[in-house]
Participant: 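Sharing a structure with you now.
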Amino acid sequence: MAFHLSPFTFHLSPFTFPLSSSPIGIYDSGLGGLTVWREVRRALPGESLVYLGDGKNCPYGSRPREEIAHLADKAVAALVARGCKMVVVACNTATAAAIDSLREKYAPMPIVGMEPAVKPACLATRSGVVGVLATERSLDGDLFRRTAARYGEGIEVVAVPGRGFVELVESDREDSPEAEACVRRAVEPMLERGADQIVLGCTHYPFLLPLIGRVVAGRGVEVIDPSPAVARRVVELLDRFDLRAPAGHRPEFGFLTFADEAYRLRLEQKALASLR
Ligand code: DGL
């Protein structure tokens, strides 16, 4: 991987230098943000990407907010040090804990965060009941409260933490009997209330989509993965800031972690496998 821009130069005046060939940074507590990586890669095949999956401190979901904000800052700083022209915080939990402070600290670099897809779910529901699956820390944060209040008027929002989901994905047990038990436990209360939309509010959860699909089969439920919408937002911001890689640019992919080399290789292999 060879990225030549000094982060310093970049940080001082990102928009006066020819930085469009610099990579986009994508960060998550672990493997989950690869669901966003895949969509960004599909939407922007000419862009170089650097993915940072913390790995060492995953799961974030029940850690104190200040600790998550500190970890997110360390991760974004590492991506800036790699010369990234934009960062996607592909972690709902880190977004909920730190997006405002990250945007302030790293301005004017564009930072895209995850928003629970409550709006499209509330617009699409016919039963008037929407389920939201996310981590504990995302669900008790202001971002979720504000989004649910803003779009959920007159709609019943059933929010349930996906207990154990992140651990199952991190240990490649997405298709195990334990995973099925965890998914049933979380989803049943939503189905009982009559939810016809279920929002995946954590980037790890789309890895459980085949299983969730089986659990809700025949119940008339749509499961919403917000990662394609996040990729569209990245495209929009690249265009707005005139940061698209030039024609003919040969994209490179980097994978970073705070865990060990074995974990870094897993990130790389899982990312590349997701494109097949
Ligand atoms: N992928 C993270 C999210 O979107 C997972 C959080 C965790 O590590 O618990 O919230």
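Residues: numbered from 1 along the sequence shown. Computed from a predicted structure; not experimentally measured. We count ligands from 1, going down the list as the structure has it; atoms in each ligand are counted the same way.
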Participant: Can you check which of Asp28, Leu31, Thr93 brings a heavy atom nearest to atom 10 (O) of ligand 1?
Facilitator: Thr93
Participant: Any side-chain heavy atom of Asp175 within less than 4.5 Å of one from Arg214?
Facilitator: yes
Participant: Which of the atoms of ligand 1 are close to Asn92, meaning less than 4.0 Å from one of its heavy atoms?
Facilitator: 3 (C), 4 (O), 10 (O)
Participant: Quick one: which ligand 1 atoms are inside 4.0 Å of a heavy atom on Tyr60?
Facilitator: 7 (C), 8 (O), 9 (O)
Participant: So do the side chains of Val187 and Leu133 get within less than 4.5 Å of each other, counting heavy atoms only?
Facilitator: yes
Participant: For atom 9 (O) of ligand 1, what is the nearest protein heavy atom, given as residue, atom name and distance?
Facilitator: Gly61 N, 2.8 Å
Participant: Is it true that Cys91 lies under 4.0 Å from ligand 1, counting heavy atoms only?
Facilitator: yes
Participant: Using the ring of each side chain (for Trp, its six-membered ring), is Phe253 parallel, tilted or perpendicular to Trp37, with breaks at 30° and 60°?
Facilitator: perpendicular
Participant: Only one of His249, Arg250, Arg82 clears side-chain hydrogen bond (donor to acceptor under 3.5 Å, both in side chains) with Ser48; which?
Facilitator: His249
Participant: Does the side chain of Tyr106 come under 3.5 Å of the side chain of Asp73 through a donor N or O and an acceptor N or O?
Facilitator: yes
Participant: Looking at Thr135, which atoms of ligand 1 are within less than 4.0 Å of one of its heavy atoms?
Facilitator: 6 (C), 9 (O), 10 (O)
Participant: Determine whether the side chain, the backbone, both or neither of Ser29 has a heavy atom under 4.0 Å from any heavy atom of ligand 1.
Facilitator: side chain
Participant: Using the six-membered ring of Phe207, assess whether NZ or CZ of Lys270 lies under 6.0 Å from its centre and within 45 degrees of the ring axis.
Facilitator: yes
